[in-house]
Amino acid sequence: MTHATHEVFNQPLPLVDVNLFDINQPLQDAVRFNTPGLDTGALRELGRTVGSAEMQNHARLANVHTPELHTFDPYGHRIDEVEFHPSYHALMGAAAGAGLHGTPWSKNEAPTLAASPAALPPEGALASRGGPSPLVRSNPHVLRAASFMLFTELEPSILCPISMTYAVTPALQENTAVYADWGPRLTSRAYDPALKLFKDKPGVTMGMGMTEKQGGSDLRANTTQAVPDGKDDWGERYRLTGHKWFFSAPMCDAFLVLAQAADGLTCFFLPRVLPDGSRNGLRIQRLKDKLGNKANASSEVEFQDAIAWRVGDEGRGVPQILEMGTRTRLDCSLGTSALMRQALSIAIHHTRQRKAFGKFLIEQPLMKNVLADLALESEAATALALRLARAFERHDNAHERLIARVLTPVAKFWICKRGSHFSEEAMECMGGNGYVEEDGHGIQARIYREMPVNSIWEGAGNIMAIDLLRALRKGDVAGALQAELAPARGAHAALDRMIDALPTRIDTLANETEARRLAQDVALALQGALLAQTAPAAVTDAFCASRLGGDWGQAFGTLSARADMDAIIARAMP
């Protein structure tokens with residue numbers, strides 16, 4: 001007679017088959033604040049899809065079965081192809097189908113506002129609190145931003161080519177001939193992974209190639225050379241010889257890359273397959289073995305007489321690439337905010353099912369403090385990231401242009417910098433179970449490995465802090481910042497003190513070594529002001545008291561006992 005050695009109990013069930021939009025009240029409120037009256041039907045449908053067990057299994061498989069490089073075919077022909085697991089393509093198809101790539105740039109794309117006028121708040125109600133008027137035009141980029149966040153909770157790695165396609169699509173318009181051919185396919189919701197001529201594909205993706213081994217973020221140190229090679233239907237043609245040290249998503253259909261032309265660093269359009277159907281001279285040397293971001297193929301490449309077409313004037317490559325970089329930096333902020341929400345949701349879901357010392361973990365006073373503290377950080381990140389997305393939406397507005405200029409480096413710096421610390425604490429809420437991956441099932445461990453990438457890529461912390469200083473020297477950015485903060489005056493004494501102190505600090509900052517501190521404080525002030533306009537008093541008071549008032553320790557879980565932790569956790573409950 002045999003006996004089981006043990007019975008499995010007190011082990012939480014996974015968080016699957018849930019609607020990730022319906023269970024995310026902070027995201028719903030941030031969407032409502034930035035786009036009043038928006039019909040959220042598409043977000044609810046996407047939330048259901050990305051929260052399903054089926055799609056979560058695709059995410060697991062895409063990370064377990066990582067991309068493989070095939071340099072040659074069995075007969076010795078150079079092919080330079082990356083093979084992905086079918087689940088990767090399922091995820092890419094879902095992301096493209098949700099319009100997360102170039103779709104918002106389509107003239108045919110316009111999210112619908114709520115049909116009933118009664119669904120709209122009174123005219124000017126949100127505008128008086130710093131939000132947009134409910135009668136502003138549709139905001140496809142805010143909808144796309146919220147959708148991007150929901151999809152990140154499913155799988156962030158595959159969003160690299162999606163994000164780059166979003167960023168490069170408007171820049172490509174500087175070559176009208178190329179854009180005329182490629183634009184409709186870049187804004188299509190179709191996904192076709194085959195490496196073939198663009199004319200034979202219903203939809204395409206694009207990437208970017210900037211950094212080289214000797215320069216990194218110092219793009220002017222690039223050595224790749226571009227030599228004129230005549231002119232054709234797509235304009236000025238060149239041949240490129242050189243390399244790229246980080247070349248993400250090499251199976252995209254085309255790339256915008258930087259190379260040195262006669263008049264300086266210049267932007268070029270480089271397709272994988274040339275108009276005559278032949279393969280371009282892009283050689284994939286190897287795939288990067290990264291800490292995280294495993295489902296995405298990042299590579300090193302060489303250009304061997306690769307044919308490319310000029311986009312914009314010679315010598316304007318850096319400002320063109322920086323314009324694209326601002327949009328990928330937006331996605332870094334959105335992505336980290338979403339990963340915070342995912343880590344928090346899993347931690348709360350675990351602690352409300354797991355017992356220790358006679359109570360559910362979520363009932364233990366210290367665990368309450370940790371979860372409430374994480375919830376504050378998560379909601380503040382969501383509020384700031386969606387506000388930045390709205391600024392990108394309205395570049396016809398002078399205030400929004402200035403806010404986009406200052407918020408981009410601030411949000412990228414602070415939100416992404418907080419990600420790894422946040423993820424480690426959320427993992428600790430689950431103990432050893434959070435640390436174990438177990439064939440891809442341990443999502444907290446995957447989140448932890450993913451977190452540093454958004455901070456490092458597209459401009460690391462120092463680059464963002466310096467970019468903030470650069471932004472503050474152009475136009476009345478300080479005045480725009482004060483106008484942005486003004487609607488929250490009176491919400492909390494600590495917030496008022498920070499708002500009052502910022503102008504002097506901005507005017508007198510002469511030492512670059514203090515730039516990180518300024519970026520941090522601008523981010524915290526903006527987060528506090530946004531929470532004052534979108535969140536319940538329990539959230540706003542605890543955030544301002546801890547982050548701005550100093551009533552906080554040096555780690556998560558050090559909120560004052562005066563904080564209404566039950567209310568904060570209830571709001572964050574998945």
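Throughout, numbering of the chain's residues begins at 1 and tracks the sequence.
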*Asks:* Examine Trp105 together with Phe392 and report whether their ring centres are nearer than 6.0 Å.
*Replies:* no
*Asks:* Distance from Ile362 atom CD1 to His349 atom NE2, nearest 0.5 Å?
*Replies:*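 That separation rounds to 11.0 Å.
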*Asks:* Does Asp276 reach the main-chain N or O of Ser278 with its side chain, forming a donor-acceptor pair under 3.5 Å?
*Replies:*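 Judged by distance alone, yes, a pair lies under 3.5 Å.
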*Asks:* Can you check whether Met92 reaches His101 side chain to side chain, under 4.5 Å on heavy atoms?
*Replies:*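 No, side chains not in contact.
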*Asks:* Check this for me, if you would: do Arg185 and Asp181 make a salt bridge, where the nitrogen-to-carboxylate-oxygen distance has to be below 4.0 angstrom?
*Replies:*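 No, this pair does not count.
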*Asks:* Tell me, do Lys288 and Glu300 make a side-chain contact under 4.5 Å, heavy atoms counted?
*Replies:* yes
*Asks:* For the residue pair Arg48 and Ser52, confirm or rule out a side-chain donor-acceptor distance under 3.5 Å.
*Replies:*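 There is no such pair (donor and acceptor under 3.5 Å, judged by atom type) between the side chains of Arg48 and Ser52.
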*Asks:* Decide, yes or no, whether a salt bridge links Lys201 with Asp253 under the criterion of side-chain N to carboxylate O below 4.0 Å.
*Replies:*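 Between Asp253 and Lys201 there is a salt bridge, with a charged N closer than 4.0 Å to a carboxylate O.
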*Asks:* Measure the spacing between CG of Leu256 and CH2 of Trp309 and express it to the nearest 0.5 Å.
*Replies:*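 Separation between the atoms: 13.0 Å.
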*Asks:* Do Val82 and Glu68 have side chains that get closer than 4.5 Å, going by heavy atoms?
*Replies:*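 Of all side-chain heavy-atom pairs linking Glu68 with Val82, none is under 4.5 Å.
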*Asks:* Ignoring hydrogens and angles, tell me if any N or O in the side chain of Ser188 forms a donor-acceptor pair with the backbone of Ala190 under 3.5 Å.
*Replies:*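 Present.
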*Asks:* Keeping the roles fixed (side chain from Arg310, backbone from Cys267), state whether a donor-acceptor pair exists under 3.5 Å.
*Replies:*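 Pair absent, no side-chain N/O of Arg310 close to backbone of Cys267.
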*Asks:* Between Thr408 and Thr326, what is the shortest heavy-atom contact and its length?
*Replies:* CG2-O, 3.9 Å
*Asks:* Would the distance check show the side chain of Ser378 and the main-chain N or O of Leu374 forming a donor-acceptor pair, the cut-off being under 3.5 Å?
*Replies:*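 Side chain of Ser378 to backbone of Leu374: no pair is present.
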*Asks:* When you compare the side chains of Asn296 and Ser248, does any donor N or O come within less than 3.5 Å of an acceptor on the partner?
*Replies:* yes
*Asks:* Quick check: are there more than 12 heavy atoms from other residues, nucleotides or ligands sitting under 6.0 Å from OH of Tyr435?
*Replies:* no
*Asks:* Is there a donor-acceptor pair closer than 3.5 Å between any side-chain N or O of Asn10 and the backbone N or O of Arg354?
*Replies:* no
*Asks:* Quick one about Gln342 and Thr152 (side-chain donor to acceptor, distance below 3.5 Å, no hydrogens or angles considered), yes or no?
*Replies:* no
*Asks:* Does the Ser163 side chain pair with the main chain of Leu159, one donor and one acceptor, at a distance under 3.5 Å?
*Replies:*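 Not confirmed, Ser163 side chain does not pair with Leu159 backbone.
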*Asks:* What I'd like to find out is whether the side chain of Leu258 reaches to under 4.5 Å of the side chain of Leu219, using heavy atoms alone.
*Replies:* yes
*Asks:* Does a side-chain N-to-carboxylate-O contact under 4.0 Å join Lys412 and Glu458?
*Replies:* no
*Asks:* To the nearest 0.5 Å, tell me how far Met208 CE sits from Leu270 CG.
*Replies:*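 Going from CE on Met208 over to CG on Leu270, the span is 14.5 Å.
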*Asks:* Give a yes or no on whether Asp233 atom CG has more than 12 heavy-atom contacts from other residues, nucleotides or ligands under 6.0 Å away.
*Replies:* no
*Asks:* Please check if the distance between the ring centroids of Phe255 and Phe247 is under 6.0 Å.
*Replies:*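 Yes - the distance between ring centres of Phe255 and Phe247 falls below the 6.0 Å cut-off.
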*Asks:* How far apart are the closest heavy atoms of Leu91 and Ile158, and which atoms are they?
*Replies:* O-CD1, 3.8 Å
*Asks:* Pair Leu15, Ser345 - check side-chain contact (heavy atoms from CB on, under 4.5 Å), show working.
*Replies:* CA-CA 8 Å; Leu15 183 62; Ser345 296; 3.9 Å; yes
*Asks:* Quick check: do Lys417 and Met464 have side-chain heavy atoms less than 4.5 Å from each other?
*Replies:*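 No. Closest side-chain heavy atoms not under 4.5 Å.
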*Asks:* Any chance you could measure Leu287, atom CG, to Asp289, atom CG, to the nearest 0.5 Å?
*Replies:*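 Going from the CG atom of Leu287 to the CG atom of Asp289 covers 9.5 Å.
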*Asks:* Sub-3.5 Å donor-acceptor pair from the side chain of Arg60 to the main-chain atoms of Asp439, do we have one?
*Replies:*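 Yes, the answer is positive, given that a donor and an acceptor are paired below the 3.5 Å cut-off.
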*Asks:* Between atom CG of Asp305 and atom CD1 of Ile307, what is the distance when rounded to the nearest 0.5 Å?
*Replies:*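 The CD1 atom of Ile307 is 8.0 Å from CG of Asp305, to the nearest 0.5 Å.
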*Asks:* Salt bridge or not between Glu437 and Arg446? Use side-chain N to carboxylate O under 4.0 Å.
*Replies:* no
*Asks:* Distance only, no hydrogens: is a donor on one side chain within 3.5 Å (strictly under) of an acceptor on the other, for Asp29 and Gln25?
*Replies:*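 Short answer, yes.
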*Asks:* Strictly by modelled atom types, are Lys294 and Ser157 linked by a side-chain donor-acceptor pair under 3.5 Å?
*Replies:*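 On atom types as modelled, these side chains do not qualify, holding no pair under 3.5 Å.
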*Asks:* So do the side chains of Thr49 and Glu54 get within less than 4.5 Å of each other, counting heavy atoms only?
*Replies:* no
*Asks:* Do Phe556 and His421 have ring centroids that are under 6.0 Å from one another?
*Replies:*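 Yes, they do, as the ring centres are separated by less than 6.0 Å.
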*Asks:* Ignoring hydrogens and angles, state whether a donor on the side chain of Glu155 or Asn63 is under 3.5 Å from an acceptor on the partner side chain.
*Replies:* yes
*Asks:* Closest heavy-atom contact between Met451 and Ser420?
*Replies:*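 Taking every non-hydrogen atom into account, CB-OG, 3.7 Å.
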*Asks:* Thr336 and Phe422: side-chain contact (heavy atoms from CB on, under 4.5 Å), yes or no, with the steps?
*Replies:* CA-CA 10 Å; Thr336 300; Phe422 185 104; over 6 Å; no
*Asks:* On the 0 to 90° scale, with breaks at 30° and 60°, tag the Phe198-Trp234 ring pair as parallel, tilted or perpendicular.
*Replies:*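 Plane angle between 30° and 60°, so tilted.
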*Asks:* Between Arg44 and Phe21, is NZ or CZ placed under 6.0 angstrom from the six-membered ring centre and within 45° of the ring axis?
*Replies:*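 Negative - Arg44 is either too far from the ring of Phe21 or too far off its axis.
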*Asks:* Roughly how far, to the nearest 0.5 Å, is the CG atom of Leu371 from the SG atom of Cys429?
*Replies:*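 These two atoms lie 5.0 Å from each other.
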*Asks:* Indicate yes or no for a side-chain donor-acceptor contact from Asp73 to the backbone of Gly76 under 3.5 Å, with no hydrogens or angles considered.
*Replies:*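 Checked: pair present.
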*Asks:* Do Leu27 and Arg341 have side-chain heavy atoms sitting under 4.5 Å apart?
*Replies:* no
*Asks:* Checking side-chain polar atoms at under 3.5 Å, does Glu83 have a donor or acceptor matched by the opposite partner on His70?
*Replies:*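 The answer is yes; a qualifying pair exists.
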*Asks:* Minimum heavy-atom separation for Leu334 and Arg144, please, with both atom names.
*Replies:*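 That would be CD1-NH1, 4.4 Å.
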*Asks:* Distance only, no hydrogens: is a donor on one side chain within 3.5 Å (strictly under) of an acceptor on the other, for Thr224 and Asn222?
*Replies:*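 No, Asn222 and Thr224 have no side-chain donor paired with an acceptor closer than 3.5 Å.
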*Asks:* Can you tell whether the side chains of Glu450 and Lys290 come within less than 4.0 Å, N to carboxylate O?
*Replies:*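 Between Lys290 and Glu450 there is no salt bridge, as every charged N stays at least 4.0 Å from the carboxylate O atoms.
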*Asks:* State, yes or no, whether a side-chain contact exists between Pro271 and Phe269 at a heavy-atom distance under 4.5 Å.
*Replies:*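 Pro271 vs Phe269: side chains touch.
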*Asks:* Let me see the working for Val370 and Glu425 under side-chain contact (heavy atoms from CB on, under 4.5 Å), right down to the final yes or no.
*Replies:* CA-CA 8 Å; Val370 171; Glu425 196 69 59; 3.8 Å; yes
*Asks:* Between Arg418 and Phe413, is NZ or CZ placed under 6.0 angstrom from the six-membered ring centre and within 45° of the ring axis?
*Replies:*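 So Arg418 doesn't make the cation-pi contact.
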*Asks:* I would like to know whether Phe303 and Arg283 meet side-chain contact (heavy atoms from CB on, under 4.5 Å); could you show each step before the answer?
*Replies:* CA-CA 6 Å; Phe303 302 140; Arg283 305 292 183 238; over 6 Å; no
*Asks:* Taking atom types as modelled and ignoring hydrogens, do the side chains of Gln11 and Asn433 form a donor-acceptor contact shorter than 3.5 angstrom?
*Replies:* yes
*Asks:* So that I can tick it off, tell me whether Arg329 and Asp331 are bridged by a salt bridge, with the cut-off set at under 4.0 angstrom between side-chain N and carboxylate O.
*Replies:* no
*Asks:* If you take all heavy atoms of Ala338 and Glu153, which pair is closest and at what distance?
*Replies:*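 Closest approach of Ala338 to Glu153, heavy atoms only: O-CG, 3.5 Å.
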*Asks:* Mind listing the closest non-hydrogen atom pair of Thr35 and Asn139 along with its distance?
*Replies:* OG1-ND2, 3.2 Å
*Asks:* Parallel, tilted or perpendicular: which one describes the rings of Phe84 and Tyr88, with boundaries at 30° and 60°?
*Replies:* parallel
*Asks:* Is there a donor-acceptor pair under 3.5 Å between the side chain of Thr351 and the backbone N or O of Ala347?
*Replies:*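 Checking the backbone N and O of Ala347 against the side chain of Thr351, a donor-acceptor pair under 3.5 Å is found.
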*Asks:* Quick check against the 3.5 Å criterion: does Glu393 have a side-chain atom that pairs as donor or acceptor with the backbone of His141?
*Replies:* yes
